[in-house]
Structures are given as C-alpha cells and as structure tokens.
Amino acid sequence: MNTIPVSVVTIVKSRQEALQNLVLGLEKSDVWPAELVIVHMNEPASELTSENFPIRALRFDAGEKLPLAAARNFAAEQAACPFVIFLDVDCIPSPQLVGEYFNACQKAQHLWIGPVRYLRQGATSEPDFLQQMHELSTPDPVRAELREVNYALFWSLNFACSKEVYDRIGGFDTRFTGYGAEDTDFGFMARERGVPLSVADAVAYHQYHASYDPPLNHFEDILMNASTFFEKWQKWPMEGWLKKFVNAGLITWNDDRIKIVRKPNEAEIRAALKL
C-alpha cells in the first residue's frame with residue numbers, strides 16, 4: 001500500500017488506550033502516513049510500534065499540567081513532512097482521512113478541518129468496531145455534518161495544513177495555558193493572517209469518555225484563558241460555560257471583566273461529571 005509524505009501528530013496525557021485505538025485506525029487507512037509523531041505531556045513516552053509506518057514518541061515537559069498549545073507547537077516542529085495532520089488522541093481516523101487531507105493540502109494552502117463523529121459508550125469494545133464506526137457514532141451536535149464552518153468554530157480535534165500555513169498562522173498562542181480557548185484563538189489568527197478555512201471530507205471518530213458539563217474541573221484555566229482571549233480580541237470565548245458559572249454563583253461577569261466569587265467545591269465538580 002502507498003505511503004504518502006504527510007505527518008500525523010497527536011498530543012497525549014494519560015490516554016494510553018485511546019492512543020492505541022488511534023494507531024489501530026491509522027493502520028486501517030487507505031494510504032499510510034510517512035510517520036506518526038506522539039508527544040506525551042509531562043509523562044514518559046510510549047513504546048508503540050507499527051509495521052506500516054514509523055512511530056516517534058517524544059516527551060514534552062512543561063511547568064503547566066496540560067500544556068496543550070505549547071505541545072502542539074512542539075509536535076508541529078517535530079513533523080518531518082511538509083503536510084501535517086493534527087488528531088486529538090481521542091480521535092480514530094476513518095480509512096479515508098489521511099488521503100483526503102493530503103489531497104486537500106496539495107490542492108490549496110488552506111487550514112483544513114474535518115467532521116468529527118462521536119462514538120457511543122462501549123463502542124470500542126465491540127468486536128470489529130473499526131469496521132462499524134459510522135453506525136456506532138453520531139454527528140457533532142453543534143457542527144452537525146460539517147460542510148462549511150466559520151473561524152469561531154475551528155477545532156483542534158481533527159485538522160490539517162502545510163507547515164507553511166501553520167507558521168503563517170503563528171502556531172498556537174502559548175499565552176493560553178491549560179484547557180480552553182486556544183482552539184478559537186488559532187481560528188481567529190488564521191482569519192487575521194488571511195488563511196482560508198475549508199472543510200475536507202476527512203472524518204474522525206471521537207472515542208467516548210466521561211466529561212464535565214460545565215467543565216468545573218478546568219474552572220481556573222477557563223477563566224484565565226477567557227480573559228486572555230478577551231484582551232486579545234475584545235470578544236469573550238466559551239460564553240455558554242461562563243454563563244453556567246454565573247448561574248452557579250461562581251463568578252460575576254460584565255462587559256470586560258470576570259471576577260471569581262468562589263471556586264467550585266468537590267461536590268459541585270463531581271455533580272458536573274457526565275458518565
């Protein structure tokens with residue numbers, strides 16, 4: 001089978017089973033990438049291998065617990081190919097994903113994103129789940145089947161571009177630390193730098209995991225990053241979550257300032273966990 005000059009990169013923290021499923025998905029690709037680069041944030045590098053493409057696992061240490069922006073920039077720097085596919089560690093690529101992104105990046109110097117479908121709970125335990133992922137999943141509730149999208153809805157779960165485009169955008173802004181808003185900022189920077197945002201038919205399947213709604217487990221990161229985003233763009237990101245924080249009596253939020261009233265307690269954080 002053909003190997004094409006594209007690097008797939010992913011960043012990971014404590015998601016070994018999900019990472020293994022991402023590799024399994026790549027091994028079922030219609031075409032193989034030239035490499036998979038795995039960047040482990042503040043944890044030992046894995047020793048995964050594939051007979052179909054080289055895997056390079058690297059460790060990235062940083063003072064923050066979850067250095068998403070800095071780790072993605074580090075991963076992009078490590079990529080050996082002119083085109084780079086960024087996959088969230090929870091995403092399993094469809095067989096067509098690698099080829100679709102490669103063709104798209106060759107066609108135009110755009111920032112390309114692909115649809116993400118969400119696998120139901122227990123899906124990856126099904127026999128032959130890789131052959132049934134479409135049937136075992138549902139579309140993203142906000143972006144639906146994703147045929148066109150605006151810059152504010154850019155996501156880093158599943159995107160690709162040339163290294164030239166990535167550098168033109170300036171990478172992810174490392175002033176965003178931990179969780180929240182670095183995706184939207186990257187999309188806004190692409191718009192600011194005149195990089196078109198387009199949709200490729202490169203579907204990824206997001207593996208189920210428990211999540212928080214609202215994400216009170218990232219409360220302080222979200223507030224800090226929201227304020228950083230506002231200072232930069234004079235617009236608030238993550239408004240839905242901020243409104244929920246207000247309604248819970250955790251913050252006050254006016255036109256240009258957020259103030260913490262109190263931090264969520266352990267019981268509130270547990271109650272926000274959706275299994």
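Positions are given from 1 along the sequence.
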task = Determine, step by step, whether S46 and Q16 satisfy the side-chain hydrogen bond (donor to acceptor under 3.5 Å, both in side chains) criterion, reporting the C-alpha distance in whole Å, the side-chain angles of both residues, the deciding distance to 0.1 Å, and the verdict.
result = CA-CA 8 Å; S46 57; Q16 291 306 307; 4.7 Å; no
Distance check, rounded to the nearest 0.5 Å: [X] atom [atom1] versus [Y] atom [atom2]?
X	Y	atom1	atom2	result
N158	S94	CG	OG	8.0 Å
K232	D185	NZ	CG	3.5 Å
I169	C161	CD1	SG	5.5 Å
L136	Y208	CG	OH	15.0 Å
L153	L197	CG	CG	9.0 Å
S125	L119	OG	CG	11.0 Å

Flag, side chain of [X] to backbone of [Y], donor-acceptor distance under 3.5 Å:
X	Y	value
T10	L87	yes
K163	A76	yes
S7	C81	yes
Q234	F230	yes

If you define the side chain from C-beta out and look only at heavy atoms, does anything of [X] sit under 4.5 Å from [Y]?
X	Y	answer
L97	D30	no
L22	I38	no
V261	T252	yes
H110	V165	no
I11	F86	no
L157	D140	no
V31	F102	no
W233	T184	no

key: ring-ring contact (aromatic ring centres under 6.0 Å, His included) partners of residues 254-275, not counting sequence neighbours, each pair once   =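 Matches after skipping sequence neighbours: none remain.
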inquiry  = Considering only residues two or more places apart or on different chains, which pairs with a residue in residues 61-82 satisfy ring-ring contact (aromatic ring centres under 6.0 Å, His included)?
reply    =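 Pairs touching residues 61-82 that pass the test: F60-F74.
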Between [X] and [Y], is there shared hydrophobic-cluster membership here, with clusters defined by ILVMFWY side-chain heavy atoms closer than 4.5 Å?
X	Y	answer
M224	L216	no
L130	W32	no
V116	V9	yes
Y151	F159	yes
L24	V98	no

So which pairs with a foot in [range] pass salt bridge (Lys or Arg N to Asp or Glu O under 4.0 Å), sequence neighbours left out?
range	value
residues 32-57	E35-R56
residues 207-218	D213-K244
residues 86-103	R15-D90
residues 250-264	E220-K263, R262-E268

query = Do we see a donor-acceptor contact under 3.5 Å between the side chains of Y179 and N225?
reply =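 N225 and Y179 do not have a side-chain donor-acceptor pair below 3.5 Å.
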Might you point out which heavy atoms bring [X] and [Y] nearest each other, and give the distance in Å?
X	Y	answer
F83	Q106	CE1-CG, 3.9 Å
S156	E182	OG-OE2, 4.5 Å
N42	K65	ND2-O, 3.4 Å
I92	G25	CG2-CA, 3.8 Å
A226	I258	CB-CD1, 4.3 Å
P214	A272	O-CB, 3.5 Å

Tell me, please, which residues at least two apart from [X] pass salt bridge (charged side-chain N to carboxylate O under 4.0 Å, His left out).
X	value
R175	D173
D128	none
R193	none
E239	none

Y205/N21 under side-chain hydrogen bond (donor to acceptor under 3.5 Å, both in side chains): CA gap, chis, key distance, verdict = CA-CA 10 Å; Y205 296 91; N21 288 335; over 6 Å; no
ask   = Does NZ belonging to K13 count more than 12 external heavy atoms closer than 6.0 Å?
value =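 Count over threshold, so yes.
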request  = Check the surroundings of atom CD in E17: do more than 12 heavy atoms from other residues, nucleotides or ligands lie under 6.0 Å from it?
outcome  =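 Count not over threshold, so no.
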Chi angles and distances behind the side-chain contact (heavy atoms from CB on, under 4.5 Å) call for Q20, T124 = CA-CA 11 Å; Q20 289 168 355; T124 55; over 6 Å; no
message = Restricting to ring-ring contact (aromatic ring centres under 6.0 Å, His included), what partner residues turn up for Y118, sequence neighbours left out?
response =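 Listed in chain order: H206.
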Non-neighbouring partners of F172 that pass ring-ring contact (aromatic ring centres under 6.0 Å, His included), sequence neighbours left out =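 Counting only residues at least two positions away or on another chain, F172 forms a ring-ring contact (aromatic ring centres under 6.0 Å, His included) with F186.
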key: Derivation of the side-chain hydrogen bond (donor to acceptor under 3.5 Å, both in side chains) call for E126 and Q132   = CA-CA 9 Å; E126 297 277 346; Q132 305 174 59; 5.4 Å; no
query = Given the rule in the side-chain contact (heavy atoms from CB on, under 4.5 Å) test, do M133 and V203 qualify, once you have shown the distances and angles that lead to the verdict?
reply = CA-CA 10 Å; M133 289 193 293; V203 180; over 6 Å; no
task = Start with the C-alpha gap between W253 and F245, add the side-chain angles, then the distance that decides, and say whether side-chain contact (heavy atoms from CB on, under 4.5 Å) holds.
result = CA-CA 9 Å; W253 173 35; F245 293 170; over 6 Å; no
message = Quick one, F229 with F176, criterion side-chain contact (heavy atoms from CB on, under 4.5 Å). Give me CA distance, side-chain angles, the key distance, then yes/no.
response = CA-CA 8 Å; F229 189 96; F176 294 92; 3.8 Å; yes
